[in-house]
S.K.: 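For reference, the structure I am asking about is given below.
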Amino acid sequence: MEPSNNTPSREELYKVRFAERWKLLKPVLKSLYFDEKLKLPEIISLMKSTYNFDANEAQFKYQFNKKWGWKKSIPSSTKEAILEIAHTRAAAGKLTLVKYKNKEIDLKKIRRHAKQTARQDFSSKDALEDSAEKGGLDLSHEGLPILGPIDIVPSPACAVDPIDLTVETPPAQLMEKKLTSRAHLFIQGRYDELIHDIVKNEMKILSTWLYQYWQFAFHTAKFWGNGPPNWTAENLKLRQILTFSDLPLDLRARIELAPGSGQAVQAPKNFCYWSIHISDKDWKNWKNWKPRGDLNNLESTMKEWPEHLKNPAVEKRLQNALNSNSFSNIKSEDLPMALHQLTKTINKSTNQFLQISLSFSIMAGNYILIEELLGKAEAAEVDLSELFPYHLATSYLDGSVQCCRVFGLLCRRLGGGRFSLARCYTDHLGHSVLDNLMIAILKGHTSITPGIVNNGWRNQSRFGGDEIDICGRWAPDLNDLTTVLGSGVGGIPLEWKHKFCHTSVQVILHCIQAAEFHGADLNTPSGLYLKLCFSCGSKLQLQPLHTLIFTAFQLVQFGRTGEDLFGIIACLLCLLQLGVDPSRKSTISTTILLDQAQDKTCCHSDMTPLQLADSLGMMFSDTWPTRLHVGWKIICHLLGLGEAERDNWELRHPGSASGVAVQDLEVSEEVGDATGSATPNGYQIGCDDCIWGEGFFGNNKYLGHIWAAVQTELLTHRRRQDGDHWMSENFDMDALLGSLELDSELAIGFVKRGAMKKYCSCGSFTDIPWPNLSLGKQTTASILESSKYFDAGVREGVLS
């Protein structure tokens with residue numbers, strides 16, 4: 001490329017900031033992009049070699065597409081729309097000039113598209129069959145853009161020749177071709193193109209049909225083995241017309257449709273349900289246990305199937321349903337795509353329905369069915385990597401029934417192989433499983449939208465998995481969610497949600513503990529709240545504890561009435577105890593993180609989680625109620641204690657996370673031993689980790705006691721009726737803050753009264769040696785039965 005007189009020199013570019021170089025280079029870039037028609041990698045290479053201008057592909061795309069609005073391609077659906085309109089005008093003898101986004105379109109491109117479309121007519125059958133081999137029916141597809149503007153402008157006489165379509169297609173054949181093409185798009189998971197190809201009324205019909213199939217598959221998976229053998233439109237009792245915003249699994253169109261006229265649905269009660277982990281051996285001690293009274297009546301009357309009802313298998317049953325269309329009250333011929341072509345193709349995709357069945361069994365929490373399907377998938381060597389089973393499980397948590405059970409099952413069954421948690425800990429979006437647990441907190445207990453946590457989700461109104469409440473207060477089979485989601489509110493009503501409660505905290509903690517036990521690296525950088533500095537191009541990525549702090553901030557700003565941050569305190573202590581580093585820094589700009597940056601200057605710096613918490617507190621705490629002030633200050637104190645103990649741990653392990661020096665043995669002996677000898681800081685026993693100096697709490701006089709008390713609070717208290725408080729009288733947040741600020745004896749009821757069994761300086765209890773805690777089975781019974789405070793009368797009052 002020969003430099004022109006208007007081209008800036010390297011010296012000129014060196015004198016200005018990075019952000020200002022774009023403006024100087026804009027004429028050069030425009031010429032390369034539009035006139036010379038170079039591809040983006042060629043432009044990037046040329047700019048680096050010629051001008052020493054080093055920017056990555058994401059920055060170029062942002063500058064071209066977002067800032068300057070440069071786009072060269074025309075969507076296929078747009079070309080088809082232009083063809084249809086131009087053909088109509090040509091038939092009427094009118095000349096046409098076509099503009100797309102204020103730029104004249106080269107008619108050669110349109111003619112080329114017409115020829116390609118004509119050729120595809122002869123191969124549509126083959127294309128349908130091929131599409132099934134390319135991984136179709138991607139029900140988790142995200143991002144469904146809206147068709148851009150098209151301008152059709154009458155031209156002066158003889159300015160442009162009318163488009164001459166040489167082949168006239170009869171209307172019936174044209175419609176068949178269109179329906180077949182839509183089936184093709186659906187199978188391939190190209191939902192954005194499918195949406196562009198259908199009109200508003202057709203959208204309602206298709207979205208309703210897809211939602212009905214989701215409901216059918218969910219109910220079939222959940223009640224497989226003990227429910228109705230066949231779920232149909234009649235026993236599903238589904239409404240007739242919904243909108244795409246109702247669709248689960250992120251299969252939503254993101255377009256404005258008229259609100260539905262759904263009838264009022266009673267909101268769930270604002271109480272907490274309870275998942276109790278008890279071994280079969282201990283069950284006899286819980287004679288007064290009563291099941292939830294609000295469970296689906298159908299579920300309470302179900303009987304286990306005889307073996308013959310399990311034939312055909314669940315994956316075949318989901319496949320047959322599409323063939324028969326028995327799950328829907330919409331006739332096949334009324335669908336805006338060719339169902340017969342769809343079913344003809346998918347009948348060849350057995351493994352695909354095995355994956356779909358496994359997905360729905362995970363979402364529905366059918367433990368036995370998951371085991372069965374995992375065995376089949378293993379035998380058939382089905383690739384589960386793109387299913388992201390651990391992320392799916394943590395998107396559909398139910399703390400009132402299954403708790404961590406499904407997640408734990410996946411960790412154990414898939415552990416050690418190519419689909420182990422360690423290998424699948426991060427998904428295609430860069431979100432870790434811990435990130436997904438943070439999303440579970442946000443979607444269940446705040447009003448924020450998905451775009452806050454991931455900019456790629458900014459057009460979504462709902463998080464995936466919100467059909468099931470993490471506290472167990474609503475689910476597709478417990479509430480008429482069809483009415484709610486079809487009422488035009490765009491998701492679960494905010495009034496249905498409550499604070500980050502004990503039930504929700506418990507399932508989050510259990511999943512974190514299980515993840516660490518099964519090999520997950522909890523120090524993996526986060527993929528949430530990711531930002532870029534558009535001045536210097538730096539990637540502003542948070543570490544796990546920074547993400548926890550910013551999630552806490554969202555709870556403060558957008559949480560529900562009664563929020564006090566106890567749940568975040570519990571998560572923080574759990575992560576610290578498992579070795580997540582509170583001293584690790586992230587490059588952060590609070591103004592960019594909060595989307596409040598006014599200029600393009602670099603304003604980021606390296607921060608620890610404590611520094612981020614202090615910064616956010618200074619900016620916003622004046623507007624917070626007292627209980628949130630208290631919770632935030634406790635978080636800051638715990639981060640400070642965690643940093644100090646992490647420094648001590650690093651001194652005991654210079655340059656390595658393993659290998660204990662002689663002096664470590666002398667320090668760790670102060671923790672105590674298994675005989676129960678007390679220590680100056682009140683810890684009566686020592687677990688294996690702490691005896692050998694591996695514990696991350698050291699012998700801190702606060703951390704172990706607070707963590708033990710948090711666990712006991714979670715296992716002994718719920719808000720079960722009007723008049724109950726969210727916290728028990730044995731865990732006073734104000735008193736805890738006072739102890740931390742005054743460096744005095746802990747004023748926590750559980751600790752002061754000696755109500756808990758013996759525990760180590762890391763907060764672990766005697767009868768719960770690792771790994772029993774991770775299995776989430778004997779934990780509750782062990783702590784409760786040995787707790788001096790939790791006598792038989794209290795036990796009966798809580799559990800009945």
S.K.: Do Leu575 and Leu434 come within less than 4.5 Å of each other through their side chains, counting heavy atoms only?
M.R.: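 Yes, their side chains come closer than 4.5 Å.
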
S.K.: So His546 and Gln611, do their side chains get closer than 4.5 Å, heavy atoms only?
M.R.: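 They are not in side-chain contact.
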
S.K.: Excluding sequence neighbours, so at least two apart, what forms ring pair (Phe, Tyr, Trp, His ring centres under 6.0 Å) with Tyr529?
M.R.: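 With neighbours one apart ignored, the set is Phe550.
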
S.K.: About how many Å separate OG1 of Thr712 and CZ of Phe765, when rounded to the nearest 0.5 Å?
M.R.: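 Between atom CZ of Phe765 and atom OG1 of Thr712 there are 3.5 Å.
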
S.K.: Judged by atom type as modelled, is there a donor-acceptor pair below 3.5 Å linking the side chain of Glu315 to the main-chain atoms of Gln355?
M.R.: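 Between the backbone of Gln355 and the side chain of Glu315 there is no qualifying donor-acceptor contact (under 3.5 Å).
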
S.K.: Using the rule given for ring pair (Phe, Tyr, Trp, His ring centres under 6.0 Å), can you reason through Phe407 versus His510, listing the C-alpha separation, both sets of side-chain angles and the distance that settles it, and then say yes or no?
M.R.: CA-CA 9 Å; Phe407 181 74; His510 285 188; over 10 Å; no

S.K.: Quick one: are Leu641 and Leu576 in side-chain contact, heavy atoms under 4.5 Å?
M.R.: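 Leu641 does not reach Leu576 side chain to side chain.
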
S.K.: Are any side-chain N or O atoms of Arg584 and backbone N or O atoms of Asn523, one a donor and one an acceptor, separated by less than 3.5 Å?
M.R.: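 Such a contact is found between Arg584 side chain and Asn523 backbone.
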
S.K.: For the atom pair CG (Leu542) and NZ (Lys585), what is the distance rounded to the nearest 0.5 Å?
M.R.: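 Atom-to-atom, Leu542:CG and Lys585:NZ are 15.5 Å apart.
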
S.K.: State whether the side chain of Ser395 and the backbone N or O of His391 hold a donor-acceptor pair below 3.5 Å, judged by distance alone.
M.R.: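 Yes, the answer is positive, given that a donor and an acceptor are paired below the 3.5 Å cut-off.
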
S.K.: State, with a plain yes or no, whether a side-chain heavy atom of Ile470 is found less than 4.5 Å away from one of Asp398.
M.R.: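 No, too far: nothing below the 4.5 Å cut-off.
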
S.K.: Side chains of Asp606 and Thr587 only: does a donor on one sit below 3.5 Å from an acceptor on the other?
M.R.: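 Side-chain D/A pair, Asp606 to Thr587: present.
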
S.K.: Does the Lys531 side chain pair with the main chain of Gln541, one donor and one acceptor, at a distance under 3.5 Å?
M.R.: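 No; zero donor-acceptor contacts below 3.5 Å.
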
S.K.: Does Tyr367 have Arg405 sitting over its ring (NZ/CZ under 6.0 Å from centre, angle to axis within 45°)?
M.R.: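 Flagged: Arg405 positioned over aromatic ring of Tyr367.
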
S.K.: Only counting residues at least two apart or in another chain, list the ones meeting ring pair (Phe, Tyr, Trp, His ring centres under 6.0 Å) with Tyr702.
M.R.: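 In terms of ring pair (Phe, Tyr, Trp, His ring centres under 6.0 Å), with neighbours along the sequence ignored, Tyr702 is linked to no residue.
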
S.K.: Which residues satisfy the ring pair (Phe, Tyr, Trp, His ring centres under 6.0 Å) test with Phe500, sequence neighbours excluded?
M.R.: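 Ring pair (Phe, Tyr, Trp, His ring centres under 6.0 Å) list for Phe500, sorted by chain: His445.
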
S.K.: Report the C-alpha distance between Asn226 and Glu304 in whole Å, list the side-chain angles of each, state the deciding distance to 0.1 Å, and finish with yes or no for side-chain hydrogen bond (donor to acceptor under 3.5 Å, both in side chains).
M.R.: CA-CA 4 Å; Asn226 64 354; Glu304 187 174 351; over 6 Å; no

S.K.: Does Gln506 reach the side chain of Arg718, with side-chain heavy atoms less than 4.5 Å apart?
M.R.: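 Contact flag for Gln506/Arg718 side chains = yes.
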
S.K.: Which residue is it: His502, Glu713, His717? I am looking for the one with a side-chain hydrogen bond (donor to acceptor under 3.5 Å, both in side chains) to Ser728.
M.R.: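 Checked His502, Glu713, His717 against Ser728; only one passes side-chain hydrogen bond (donor to acceptor under 3.5 Å, both in side chains): Glu713.
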
S.K.: Heavy atoms, side chains only, cut-off 4.5 Å: are Ser583 and Asp647 in contact?
M.R.: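 Yes; the side chains approach each other to less than 4.5 Å.
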
S.K.: Aromatic rings Phe388 and His428: how do their planes relate, parallel, tilted or perpendicular, breaks at 30° and 60°?
M.R.: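 Because their plane-to-plane angle is under 30°, the rings of Phe388 and His428 count as parallel.
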
S.K.: Does some side-chain heavy atom of Phe566 sit less than 4.5 Å from a side-chain heavy atom of Trp726?
M.R.: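 No, too far: nothing below the 4.5 Å cut-off.
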
S.K.: Taking the six-membered ring for Trp, are Tyr683 and His705 ring centroids under 6.0 Å apart?
M.R.: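 Aromatic pair counts; centres sit under 6.0 Å.
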
S.K.: Quick one, Leu397 and Leu437 - any side-chain contact, counting heavy atoms below 4.5 Å?
M.R.: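 A side-chain contact under 4.5 Å exists here.
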
S.K.: Do Glu563 side-chain atoms and Leu565 backbone N/O form a donor-acceptor pair below 3.5 Å?
M.R.: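 Yes; judged by distance alone, with no hydrogens or angles, the pair exists.
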
S.K.: I'd like to know if Arg462 and Glu467 make a salt bridge, using a cut-off of under 4.0 Å between side-chain N and carboxylate O.
M.R.: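 Yes.
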
